[in-house]
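This report refers to the structure that appears directly beneath it.
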Amino acid sequence: MTTEIEETLVIVKPDGVARNLTGEILRRIEAKGYQLVDIRMLLADRELLEKHYAEHEGKPFFESLVEFMQSGPVIAVRVAGHRVIEGFRSLAGSTDPSSAAPGTIRGDLGRDWGLAVQQNLVHGSDAPESAARELALWFG
Ligand code: IDP
Ligand code: MG
């Protein structure tokens, strides 16, 4: 068994901040036993978001996603823990909040407000390579 500590990037998206859910989201991360290592609130600019979402460039929702992510402040968090990349994705739930499982952040707190699956409260890195890339982008 490995006890290697991983790090992941969590973002509370503009809908999560606007709905005052930051505390509830961070509470769930801490309650699971993960460590908050660094945190910053910022209005993300287009350049940062285009790099962050580079894998989705060219998809029909890309432009609207980048605009949504600039619509208000976000909270970027460096989170550490054993298997935290997979673990936070599990806490977050599946992408579409209307079908995300109850018990998850998206399943309990998110729903479809008319913009399909865009407003789903949180981002979490999906693999060690993307976590390293995204943490470098958001925390330098
Ligand atoms: P993930 O956040 O669960 O990893 P991705 O497929 O990587 O989901 O998509 C990134 C983000 O893009 C989603 O969290 C959501 O905000 C948005 N998104 C994904 N698919 C759609 C779509 O079909 N329409 C609008 N927005 C989408
Ligand atoms: Mg993703």
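Just so you know, these numbers come straight off a predicted model, no measurement behind them. Numbering of ligands and ligand atoms starts at 1, following listing order. We number each residue from 1, following the sequence as shown.
In Val117, the parts holding a heavy atom less than 4.0 Å from any atom of ligand 1 are both the side chain and the backbone. The residue Met69 has no part lying near ligand 1, judged by heavy-atom distances below 4.0 Å.
Ligand 1 is approached by His56 to a heavy-atom distance shorter than 4.0 Å. Under the 4.0 angstrom criterion for non-hydrogen atoms, His52 is not in contact with ligand 1. The shortest heavy-atom distance from Lys13 to ligand 1 is under 4.0 Å. For the pair Asp126 and ligand 1, no heavy-atom separation below 4.0 Å is found.
Ring geometry for His52 against His123 counts as perpendicular: the plane angle is over 60°, on a 0 to 90° scale with 30° as the lower cut.
An N or O contact shorter than 3.5 Å links Thr95 to ligand 1 by distance. Of the polar atoms of Asn120, at least one N or O is found under 3.5 Å from an N or O of ligand 1, judged by distance alone. Remark: ligand 1 and Arg89 share an N or O pair separated by less than 3.5 Å (distance only, no angle test).
With respect to Arg83 and Glu86, a salt bridge is recorded, a charged nitrogen being found less than 4.0 Å from a carboxylate O. Under a 4.0 Å N-O distance rule, the pair Arg27/Glu24 qualifies as a salt bridge.
Per-residue contacts place Gln118 under 4.0 angstrom from the following atoms of ligand 1 (heavy atoms of the residue considered): 15 (C), 16 (O), 26 (N).
Of all non-hydrogen atoms in Glu50 and Phe62, the two that sit nearest each other are CG-CZ, 4.0 Å. For the residue pair Pro97 and Arg111, the shortest heavy atom distance occurs at CB-N, 3.7 Å.
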Side-chain atoms of residues 102-110: list all donor-acceptor pairs with protein atoms under 3.5 Å, sequence neighbours left out, distances to 0.1 Å.
from: Thr104; atom 1: OG1; to: Ala101; atom 2: O; distance (Å): 2.6
from: Thr104; atom 1: OG1; to: Gly107; atom 2: N; distance (Å): 2.9
from: Arg106; atom 1: NE; to: Asn120; atom 2: O; distance (Å): 3.1
from: Arg106; atom 1: NH1; to: Gly93; atom 2: O; distance (Å): 3.0
from: Arg106; atom 1: NH2; to: Val122; atom 2: O; distance (Å): 2.7
from: Asp108; atom 1: OD1; to: Gly103; atom 2: N; distance (Å): 2.7
from: Asp108; atom 1: OD2; to: Arg28; atom 2: NH1; distance (Å): 3.1
from: Asp108; atom 1: OD2; to: Arg28; atom 2: NH2; distance (Å): 3.1
from: Asp108; atom 1: OD2; to: Gly103; atom 2: N; distance (Å): 3.4

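Between the side chain of Glu6 and the main chain of Ile85, a donor-acceptor pair closer than 3.5 Å is present.
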